[in-house]
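Computed from heavy atoms alone, side chains included, the values below leave out hydrogens, waters and symmetry copies. Bear in mind the structure is a predicted one, so any value in this text is a computation, not a measurement. A note on names: the letters A, B, ... follow the listed sequences, proteins ahead of strands, and every chain is numbered from 1.
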There are 2 protein chains.
Amino acid sequence: METKLQLLLDHVSKWVNLSPDEVAIFLQHWEVQEFQKGEYVLYNGKICQYDAFLLTGSVKGYYIDPVTAKEEIVFLAIADWWASDLESFHQGSPSMLNIQVVSDAELALISKSNFESLMRMIPKLERYFRIILQGYTSALLRRVYMRNALPARERYLQFIGQYPALNQNLPQYLIASYLGMSAEMVSKIRAELKS
Amino acid sequence: METKLQLLLDHVSKWVNLSPDEVAIFLQHWEVQEFQKGEYVLYNGKICQYDAFLLTGSVKGYYIDPVTAKEEIVFLAIADWWASDLESFHQGSPSMLNIQVVSDAELALISKSNFESLMRMIPKLERYFRIILQGYTSALLRRVYMRNALPARERYLQFIGQYPALNQNLPQYLIASYLGMSAEMVSKIRAELKS
DNA sequence: GAACTACATTGAACTACTTCAATAAACGCT
DNA sequence: AGCGTTTATTGAAGTAGTTCAATGTAGTTC
């Protein structure tokens, strides 16, 4: 079977084994949608209608500071990552986030009702999501720790070591915001690293 | 049935319904342990043997910066919260964290083998943990955002608004570290707020 | 109730970073 | 190729925060 969802299926299969029947059910619950650079997957104030898995491309999740009107990057995502506002998606609450496509992307999308139906039909997928979220919480705790404990230079070095793919696929000023520093700071760090 | 685990049971029951039989199985998988102020639940370098739910008291999770030798608070927890190093617990990898009791505490502990047995016997608990982790990731994303976007004063105000119980039960210098600022800074903010 | 320990306050000096502004390079488009 | 737009660089000035050191306060132990 030919499907763009293969990447997602592979990801899930790392953690739970699905029978052919279950695979068929699984695939029925998703839709694939293409987005072009600049398009929005989610606007702040709206309710997040889909949980989303990136098949290709990259997206950013950001918050607009009402005072400074600057965008603060909350997360960055590329292929093989999840990207949505889970709180808004599951609680049905208005999202604080904007999610926008940075480079042309294909997303696997699942609606809330489909998500719930899928969990009912294949309960062991709860396990998959539990494990994914476990890894995500660890990564977020590390991010908090690094932000608090490390100076700008070391945070940047850590980042390019840990996420070379993000570093290569995203403009510098987004990475700067993600790391909690100014774009100029990244520029100066890079200049200094060259010598 | 009388059990100190009631608090945990109540927490779980918010999200999944357990039959009396399942409750009995559930309870068998946990042990309750008392810790006194200053005792360690986990030492860095060791493998986290237990997932832990706080029944009473408070704990801190911190990392010792190898350069400055200062402790950086990664998380704070009081009753009704989870507190462990999930990555170490599930992967069996050495933990970066120390987890130490701040005020006398009772913890509900579950070993890895018991955790896995419990998930096998009552698979719908996967759902409970999935939902808990969902909430936790949202809280962590908010924490990252606030650290990056807000100045010290507003971070502190936000914190005491969101976690009054933490604020009341923990010394100020721990809260300062948690918020990514110096203890002196918190002191100055508080002084300023009084006027 | 003195003496110790743990935590909190205050102010002065310092610094890692930001902001601003101007220039430069890179990228896409016709 | 050439033009506009978006992204990156560089330096100078400013600042939000840290660090350090000294003093103060509260809770514990004998």
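- Computed from coordinates, the A:N148 CG to C:dA16 C1' distance equals 15 Å when rounded to whole Å.
- Rounded to 10°, the helix from C:dG1-D:dC30 to C:dT30-D:dA1 has 50° between the axis fitted to its first five pairs and the one fitted to its last five.
- What separates CG of B:L179 from P of D:dA16 is a distance of 19 Å, to the nearest Å.
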Summary of protein contacts for nucleotides 17-30 of chain C, nucleotide by nucleotide, where a base hit scores B, a sugar-phosphate-only hit scores S (4.0 Å, heavy atoms): SBBB----------

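- Note on residues 87-118 of chain A: pairs passing ring pair (Phe, Tyr, Trp, His ring centres under 6.0 Å), not counting sequence neighbours, are A:F89-A:F115, A:H90-A:F115, A:F115-A:F129.
- Cation-pi geometry between B:R190 and B:Y156 is not met at under 6.0 angstrom from the ring centre and within 45 degrees of the axis.
- The CD1 atom of A:I189 sits 11 Å away from the C1' atom of C:dA16 (whole-angstrom rounding).
- Under the salt bridge (Lys or Arg N to Asp or Glu O under 4.0 Å) criterion, B:E87 pairs with A:R142, not counting sequence neighbours.
- Listed for the B:Q100 side chain is a donor-acceptor partner under 3.5 Å among the backbone atoms of B:G38.
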Restricting both atoms to N or O, compile the protein contacts to nucleotides 28-30 of chain D shorter than 3.5 Å, with distance only.
none

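- Between the B:S187 side chain and the B:A183 main chain, no donor and acceptor come within less than 3.5 Å of each other.
- Counting heavy-atom neighbours within 6.0 Å of A:M96 CE, excluding the residue itself, gives a total of 12 or less.
- Under the side-chain hydrogen bond (donor to acceptor under 3.5 Å, both in side chains) criterion, B:Q33 pairs with no residue at all, not counting sequence neighbours.
- Look at NZ on A:K60: it is 12 Å from C1' on D:dT7, rounded to the nearest Å.
- Near DNA chain C, meaning a heavy atom under 4.0 Å from it, residues 159-173 of chain B has B:P171, B:Q172, B:Y173 in order of number.
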Would you mind writing out the side-chain donor-acceptor pairs for residues 50-61 of chain B within the sub-3.5 Å range, not counting sequence neighbours?
residue, atom, partner, partner atom, Å
B:D51, OD1, B:S84, OG, 2.9
B:T56, OG1, B:E106, N, 3.1
B:T56, OG1, B:E106, OE1, 3.2
B:S58, OG, B:S103, N, 3.3
B:S58, OG, B:S103, OG, 2.8
B:K60, NZ, B:E71, OE2, 3.1

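- Across the protein-nucleic acid pair, B:I175 atom CD1 and C:dT9 atom C1' stand 16 Å apart, rounded to whole Å.
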Hey, can you pull the donor-acceptor pairs under 3.5 Å for the side chains in residues 158-172 of chain A, sequence neighbours left out?
residue, atom, partner, partner atom, Å
A:N169, ND2, A:A165, O, 2.6

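- One can place CD of B:E192 at 15 Å from C1' of C:dT9, the figure rounded to the nearest angstrom.
- Listed by first then second residue, pairs satisfying side chain to side chain donor-acceptor pair (under 3.5 Å) with a partner in residues 108-120 of chain A read A:H29-A:S117, A:S111-A:S113, A:K112-A:E116, not counting sequence neighbours.
- The interatomic distance linking B:Y156 (OH) with D:dA16 (P) rounds to 20 Å, in whole Å.
- Residues forming a side-chain contact (heavy atoms from CB on, under 4.5 Å) with A:K37 (at least two apart in sequence, or on another chain): A:D104.
- Residues that satisfy the salt bridge (Lys or Arg N to Asp or Glu O under 4.0 Å) test with B:K124, not counting sequence neighbours, are B:E22.
- B:N17 CG: 12 or fewer foreign heavy atoms inside a 6.0 Å radius.
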